[in-house]
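Read the structure below first, then the notes.
Numbers restart at 1 for each chain; the letters A, B, ... are given by sequence-line order, proteins then strands.
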2 protein chains.
Amino acid sequence: MEGNKELVGVKEIARRANVSIGTVDRVLHNRTGVSKKTKDKILAIIEELAYQPNILARRLASKKQIVFAVIIPSVSDETDYWQEPLLGIEQAAGEIAPYGIILKKYFYDLNHKTSFVQQIDQIDLSDIQAVLIAPIFIEESENFLIKLDKRKIPYVFINSDIQGHNSLSYFGPELYQSGYLSAHLMKYVIKEDDTILIVNISHEIDNHHHLLRKEQGFRSYFKEKDLKNTILKIDIVQTDYQFVATSLQTVFKENNVSAIFVTNSRVSAVAKYLNQTNARKMLIGFDYTKENLQFLKQGSIDFLICQKPREQGYKGIMALYQFVVHAKTGEKNNFMPIDIITAQNCDFYIN
Amino acid sequence: MEGNKELVGVKEIARRANVSIGTVDRVLHNRTGVSKKTKDKILAIIEELAYQPNILARRLASKKQIVFAVIIPSVSDETDYWQEPLLGIEQAAGEIAPYGIILKKYFYDLNHKTSFVQQIDQIDLSDIQAVLIAPIFIEESENFLIKLDKRKIPYVFINSDIQGHNSLSYFGPELYQSGYLSAHLMKYVIKEDDTILIVNISHEIDNHHHLLRKEQGFRSYFKEKDLKNTILKIDIVQTDYQFVATSLQTVFKENNVSAIFVTNSRVSAVAKYLNQTNARKMLIGFDYTKENLQFLKQGSIDFLICQKPREQGYKGIMALYQFVVHAKTGEKNNFMPIDIITAQNCDFYIN
DNA sequence: TGTTAATTCGTGTACGTTAACGCATGTATT
DNA sequence: AATACATGCGTTAACGTACACGAATTAACA
């Protein structure tokens, strides 16, 4: 139960196989210079003893650092969303730094594919042991993944997933369900014949499928429950407040909207508009950003849906660490919880 | 920015101080056998170089294990709540096991102080480096903490806090606010003159202040918002279903209750009763247990409030690890997020 | 002054692994 | 037959720290 004291090491393996520890070491790292026969014998003994290398000794003896590449969007004034994953990444980095692991970070611009490609090209794969990547640009990412696969460099995705690749794991949201949940929360408040407005605010075309997926979830709820509310939708392709305000004004002039679902963190712009025009409507949006929080507390936003951006970064790095250092693999798909933030629990939220 | 290569070790310190590494080692562990003069000199150099011992080498060279004592309630049939913290604890244990840390667990019975004392007495403090404890029984815990303080053994609290002690940190809920939040959620649904019922189900007297704190938060919300709803309350001191059902029946006969707030995980019993009597009322309770989850999905429970029991255990152990091994301290008070679980997001919840 | 006992310190080995170095063999090339 | 070169392996010095052992120095006392 508690005492598996007799931890064997290379010495014991060597003794049993009648070879030197050098040879054992060679097969452990499958380097060349061992005959098939002895290699098999040693492998068998390793198997039999269920040998676990002592990682302390290993890292101590090996002077080379382990390097993880981190490829994520930069935090723009456009959105400070990516600050959070970065914080998580840096926390993890701090925790594993004592074990000789360092990070190399590559930031790309969410609005420009070219910047992504540029960063990718800058990476020297020959001195990188693992990769954490937010694969926003699908095609370009896939080209990169193929290179990684060739070199057998493990990688994990955060924030968005690409199917059909050998990623170690994915840490991020399940978008559909978050839209579905939003609809449910909305239903608590609206009446039978209320009109609902879905608002997409984004000029980042490549992110659009993100928003769409949430919208699908949202609409599905109404369909499944057979609710008859009118659901309007507006795409706002400029993110500055003036443009948003004007767009909303147009809609509101022609329709009597009583609840709004904003599909991303831009909900604060809508809240601001409602505030200024003194219109009180139910409002649901995404992400625990500074501006959103302000409107949440002040009452303009009813609910924020949030999916632990920081944790995505933290866990992503940790998954790489567990794999590279301890050869442990965890779950492949790690959907973040879909958190509901209100003015009452927001102070305790861990982003 | 990135390269603080020149990591100094005892060797360098010894060289600068014109002593041997043995002497340096002695002052590092402040053992005896070093003259004050050389000791001061070495200390000064350590300071100057901001020497950080290499923990890998340290743990490798030191054959002794580090032992953490874990003192928490056992999972009873009464409640399987404590299974979750335990899971978190065991996950953390798995992660730090490679670094020579082992756990000794002491389970006590929530219903019996004596069992707590009994477990405490069983612990041999001389071979324990740190303690994780759920200090449910305050007075008895305090006696124990004094002993720990004397031996300078660090400890962290989970689940409930005791003020005025040298605990490294606390990981657990802020109860008042979770009651407050529940009230807010309820307000979305109830009408002005609806009657509300608060239900306490517990025969564990010592846990009672937990429940009370939530009730206070709940009531405060109604007071602050100046809501005029009638709030009834019932204490149910037996936890078996029959007793709960009978108690509820009595209340419902005399009052027209339209929403119920159950102050702990026993909410499933209430849900079951509502189900059987075909009564539909808004229902809010606590904790992501198997039974609760079932009623949540099926629609009898509207919201579950949950505070990451697993994470409490995980983070508690990790805090001890960071302190004992890396001499790092984190925040003292770590209130868990107050999570809102509905049928729509429950599948993604991480307990 | 010599003897003894503290006190203060240096040396050596160990922890389990890595990896450079080098020594035997065996096989192919002139 | 002499030379070259590859293959298969053992030896050994690190990595940074812990700690036992014993040597040197000093203090104490006769």
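Within the nucleic acid shown, B:T38 comes within 4.0 Å of sugar-phosphate atoms alone, with no base atom in reach, counting heavy atoms only. Counting any heavy atom pair closer than 4.0 Å across all strands shown, B:K64 reaches sugar-phosphate atoms only and no base atom. Residue B:G9 is classed as a sugar-phosphate contact, given heavy-atom separations below 4.0 Å to backbone atoms only.
Under 4.0 angstrom from either OP1 or OP2 of D:dC9 there lies no side-chain N or O belonging to A:T23. Phosphate contact (OP1/OP2 of C:dC9, side-chain N/O of B:S35, threshold under 4.0 Å): present. Close to C:dT17, at under 4.0 Å from its OP1 or OP2, lies a side-chain N or O of A:Y51.
Residue pairs meeting the salt bridge (charged side-chain N to carboxylate O under 4.0 Å, His left out) criterion with at least one member in residues 153-166 of chain A: none, sequence neighbours excluded. Each salt bridge (charged side-chain N to carboxylate O under 4.0 Å, His left out) pair with one or both residues in residues 32-60 of chain B, not counting sequence neighbours, appears once here: B:K36-B:D40. For residues 81-101 of chain B, the ring pair (Phe, Tyr, Trp, His ring centres under 6.0 Å) pairs, not counting sequence neighbours, are A:Y99-B:Y99, A:H326-B:Y99. The salt bridge (charged side-chain N to carboxylate O under 4.0 Å, His left out) pairs that include a residue from residues 132-145 of chain B number zero, where partners must be two or more places apart or lie in different chains.
Not counting sequence neighbours, A:S115 has no partner by the side chain to side chain donor-acceptor pair (under 3.5 Å) test. Under the side chain to side chain donor-acceptor pair (under 3.5 Å) criterion, B:Q91 pairs with B:E95, sequence neighbours left out. Residues passing the side chain to side chain donor-acceptor pair (under 3.5 Å) test with B:E311 are B:K315, sequence neighbours excluded. In this structure, the side chain to side chain donor-acceptor pair (under 3.5 Å) partners of A:D149, at least two apart in sequence or on a different chain, are A:Y155, A:N166.
Side-chain atoms of A:I21 lie closest to C:dT18 of the nucleotides D:dA18, D:dG10, C:dT18.
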**Fill in**
Going 5' to 3' through nucleotides 22-28 of chain D and flagging B where a protein heavy-atom sits under 4.0 Å of the base, S where only the sugar-phosphate is that close, and - otherwise, we get -------
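Fit an axis to the five pairs at each end of the helix from C:dT1-D:dA30 to C:dT29-D:dA2 and the two axes sit 60° apart, to the nearest 10 degrees.
DNA chain C is contacted by B:L60, B:A61 of residues 52-62 of chain B, taking any non-hydrogen atom closer than 4.0 Å.
Annotation: side chain of B:I42 is not in contact with side chain of B:Y51 (no heavy-atom distance under 4.5 Å). A:I46 is listed as a side-chain neighbour of A:L28, based on a closest heavy-atom distance under 4.5 Å. Counting only heavy atoms from C-beta outward, the side chains of B:Y106 and B:I120 never approach each other to under 4.5 Å. Between B:M336 and A:F348 there is no side-chain heavy-atom pair separated by less than 4.5 Å.
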Between protein and nucleic acid, restricted to nucleotides 24-27 of chain C and to nitrogen or oxygen atoms under 3.5 Å apart, what atom pairs and distances do you find?
none

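With the nearest nucleotide of DNA chain C identified for both A:R31 and A:K11, A:K11 has the one nearer the 5' end.
B:Y314 places no side-chain N or O within donor-acceptor distance of the main-chain N or O of B:L86, the cut-off being under 3.5 Å. B:N54 places a side-chain N or O within donor-acceptor distance of the main-chain N or O of B:A57, the cut-off being under 3.5 Å.
When the C1' atom of D:dT11 is taken as reference, atom CZ of A:R15 falls 19 Å away, rounded to whole Å. The distance between atom NE2 of B:H29 and atom P of D:dA20, rounded to the nearest whole Å, is 12 Å. Between the CD1 atom of B:I13 and the P atom of D:dA18 there is a distance of 11 Å, given to the nearest Å. Following rounding to the nearest Å, A:K63 (NZ) and D:dA14 (P) show an atom-to-atom distance of 9 Å. Taking atom CD on B:E12 and atom C1' on D:dG16, their separation rounds to 13 Å, with Å as the unit.
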